[in-house]
Amino acid sequence: MNTQTATERGNREAGATNPEHDRNPHRRIQAATVRQMCGGISDMSLWRWLDNPELNFPRPIYIGRRRYWKEADIVAWLEAREVAA
């Protein structure tokens, strides 16, 4: 007998995963994902955050012309901001 709820089955079938189980400390994410994680900010806002040393926003690495961040760094920065607020 299957004990999953309809919501759990729907999430699994839609490809949704639990972010707690999907975290990889070495996972690299692109700027679009970073902007989404930070509340849907614009690319200009992301640039301003990177340009502001007081915010201490994590620095990306560049591969070609693309920017990548460690997902763990972004999550840690967001959590630190929540504690400070």
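The model shown is predicted, which means the values in this text are computed figures rather than measured ones. In this chain, numbering begins with 1 at the start of the sequence shown. Side chains are part of it too, since the values below use all heavy atoms of this structure and drop only hydrogens, waters and symmetry mates.
Here side-chain hydrogen bond (donor to acceptor under 3.5 Å, both in side chains) pairs that include residues 45-58, with residues two or more places apart or in two chains, are Ser42-Ser45.
Remark: Gln30 engages Arg66, Tyr68 in a side chain to side chain contact (heavy atoms under 4.5 Å, CB included) (not counting sequence neighbours). Under the side chain to side chain donor-acceptor pair (under 3.5 Å) criterion, Asp43 pairs with Arg67, not counting sequence neighbours.
In this structure, Arg81 contributes its side chain and Ala76 its backbone to no donor-acceptor pair below 3.5 Å.
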For this session: Determine, step by step, whether Leu78 and Cys38 satisfy the side-chain contact (heavy atoms from CB on, under 4.5 Å) criterion, reporting the C-alpha distance in whole Å, the side-chain angles of both residues, the deciding distance to 0.1 Å, and the verdict.
Result: CA-CA 8 Å; Leu78 289 170; Cys38 294; 4.1 Å; yes
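Across all non-hydrogen atoms, the minimal contact from Ile29 to Glu71 is CD1-CA, 4.0 Å. The minimum heavy-atom distance linking Asp73 with Pro58 is given by the pair O-CG, 3.6 Å.
Taking the side chain as every heavy atom from C-beta outward, Arg27 and Lys70 never approach each other to under 4.5 Å. Within the 4.5 Å cutoff, no side-chain heavy atoms of Gln36 are placed close to those of Ile41. Between Val34 and Phe57 there is a side-chain heavy-atom pair separated by less than 4.5 Å.
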